[in-house]
Amino acid sequence: MIDLKALRENPEAFKASQKARGEDAGIVDKLLRVDDARREAIVEFEKLRAEQNLLSKSVGAAKGSEKENLLESAKKLAASVKAADAKRAEAEDAAHKAGLLIANLIDPAAPVGGEADFKVIETVGKPRDFKAEGFAPKDHVEIGKVIKAIDIERGAKVSGARSYYLTGPGALLELALVNYAISLAVKGGFIPMIPPVLVKPVAMEGTGFLGQAAENVYHLKEDELYLAGTSEVALAAFHMDEILDQLPIRYAGYSPCFRREAGSYGKDTRGIIRVHQFEKVEMFTFCKPEDAEAEHKRLLNWEREFFDSLEIAYRVIDVASGDLGASAARKFDIEAWIPTQGAYREVTSTSNCTQFQARRLNIRYKDKKGTKPVATLNGTLVAIPRTIVAILENHQQKDGSVKVPKALIPFLGMDTLVCA
RNA sequence: GGAGGGCUCGCAUAGUGGCCGAGUGCACCGGUCUUGAAAACCGGCAAGGGAAACCUUCGUGGGUUCAAAUCCCACGCCCUCCGCCA
């Protein structure tokens, strides 16, 4: 939810933000109108209600025929109070619904444009030169078969397209990555969490996933629950309706993630780059709004450290306005080099959601001036399938085996994944 | 799935139709006293909207009533017992 006061004071900023996202700017004016109507209805109702409260009190004190007379007018008043209340409820509902449609105000520092208009902030490491080493790299599907780490055929047989089994070394690799990521997170002061992934509409809506992103969410109609696409949902909602007194609070959530991948037909159909279910360790921070920007950099740095230690070339991009989620004011992605694609591909993503989610979820803190929504931020520490892709492809050797990056060896218990 | 008990301002509780937005204790914050602390005493202390008057909120949503924390209905959550499953 955006700040309605800020909207009233500067609607142009919100229109510009909507435009930069490639979304409807007209809903800004519409929201202003319904918000006016809402406030009018509230004033009208409160006026009548105050009158009724007064009158009611005098009824209790009165006696005899005076009481009869008072009762008479009180009854009439009760009817108009009821009507005004209904009108108020309707106006509030309309304003609330209109409010939910507007995405978070974009950080003016974010590059404006579509998916392709990102800015490269930094490129780290050099893509490995397989030509110089004298062999052509295999893609992760092939390597996965050779070392028996990934079984996509059987994944499709059992669960359909975009499903897979991690087998033997693949399964061990996931566990090692998760343990490594969690150990780093704990060292960094994050509280590790294993959150529910089955969540209520309020959590989904509060984190901004029921707008534009709704088609990518699994919905269990029978139970009116959703399968979350990221533990961000349950971590954000953890403190719903609370007033937090020590900030920042940092959690590292480990959970499965579910994505319908609607509208991505034909994209990344090979391998495990884009799948319906995967595990992820996600960082999540609640902090003061004024600390959010610095915290965003911190989350990015933790992501960077993680990828540095996997010895994989990557770049960091500043995601363009048109490619931001509804909740994000700004987003940085890490893209790892994928040799067989000759391209950098997204492996992590960190978003500054400013006070947008906290306003919807009613998560606040107190300072001298009053109670205000906190800021929330999230960032991927490790998303398993894409990280496995990056490791297998970047660390493959001529003989078909895969070298394990040093940092991961203690967690995996071996330094090479060999051909089965 | 069945039976019962509960849900009030951080915690514990009081409150069975108007004097209740709501008392008390603990915790917390400020002050007096003290070398300092404790104790004692005094004051403050739920949230939201509003410039204010005032309005809203006693799990949630409906209803009855001039008036609901209080009466009625539905739902949610927690606890106990039974059944079922592990």
Expressed in whole Å, how much space separates the C1' atoms belonging to B/U8 and B/U13? 9 Å
Looking only at atom C1', what distance separates B/C42 and B/C54, rounded to whole Å? 31 Å
Would you call A/Asp85 and A/Leu48 a side-chain contact if the rule is heavy atoms closer than 4.5 Å? no
Sequence-distant partners of A/Ala6, side-chain contact (heavy atoms from CB on, under 4.5 Å), two or more places apart: A/Asp3, A/Phe14
Base, sugar-phosphate or nothing for A/Gln52? Non-hydrogen atoms, less than 4.0 Å. sugar-phosphate
Counting only Watson-Crick or G-U wobble pairs whose two distances fall under 3.5 Å, which nucleotide matches B/A53? none
Donor-acceptor contacts under 3.5 Å from residues 170-182 of chain A side chains, at least two apart:
from	atom 1	to	atom 2	distance (Å)
A/Asn179	ND2	A/Leu175	O	3.1
A/Tyr180	OH	A/Ser309	OG	2.5

Euclidean distance, atom CD of residue A/Glu72 to atom P of B/A67 [Å, nearest integer]: 14 Å
Distance between the P atoms of B/G10 and B/G36, in whole angstroms? 35 Å
Counting the benzene-type ring for Trp, do A/Tyr251 and A/Phe238 have ring centres under 6.0 Å apart? yes
Could you state the atom-to-atom distance from CG of A/Leu244 to C1' of B/G10 in whole Å? 14 Å
Using purine N1 to pyrimidine N3 plus N6-O4 or O6-N4 for Watson-Crick, or N1-O2 and O6-N3 for G-U wobble, both under 3.5 Å, which nucleotide pairs with B/C58? none
A/Ser56 vs A/Lys82, nearer the 5' end of RNA chain B by closest nucleotide: A/Ser56
Atom pair CG (A/Leu408) and CD1 (A/Ile391), whose distance is rounded to the nearest 0.5 Å: 5.5 Å
B/U16 and B/C72, which share atom name P, separated by this distance in whole Å: 14 Å
Across nucleotides 45-61 of chain B, 5' to 3', mark each nucleotide with B, S or - according to how protein heavy atoms within less than 4.0 Å reach it. --SSBS---SBS-----
Determine: side-chain N/O of A/Lys57 to OP1/OP2 of B/G18, distance under 4.0 Å, yes or no. no
In whole Å, what separates the P atom of B/A22 from that of B/C73? 29 Å
Applying a 3.5 Å limit to both distances, which nucleotide forms a Watson-Crick or G-U wobble pair with B/A38? none
For B/C79 and B/A46, measure between their P atoms and round to the nearest Å. 30 Å
For the pair made of CG in A/Leu48 and P in B/A67, what is the distance, rounded to whole Å? 13 Å
Tell me whether the centres of the aromatic rings in A/His239 and A/Phe286 are closer together than 6.0 Å. yes
Applying the 3.5 Å cut-off to both distances, the Watson-Crick or G-U partner of B/U64 turns out to be none
Paired to B/U13 by Watson-Crick or G-U wobble criteria (both distances under 3.5 Å) is B/G23
For B/C81 and B/C26, measure between their P atoms and round to the nearest Å. 34 Å
Do side-chain atoms of A/Thr380 reach the backbone of A/Val382 as a donor and acceptor pair under 3.5 angstrom? no
Classify the angle between the aromatic ring planes of A/His219 and A/Tyr226 as parallel (below 30°), tilted (30 to 60°) or perpendicular (above 60°). parallel
Need the pair for B/A86. Rule: Watson-Crick or G-U wobble, both distances under 3.5 Å, any strand; none if unpaired. none
Rounded distance in Å between the C1' positions of B/G50 and B/G15: 30 Å
In the strands shown, is B/G43 matched to any nucleotide by a Watson-Crick or G-U wobble pair with both distances under 3.5 Å, and which? B/C29
Please give the nucleotide sitting opposite B/U80 as a Watson-Crick or G-U wobble pair, both distances under 3.5 Å, or none. B/A3
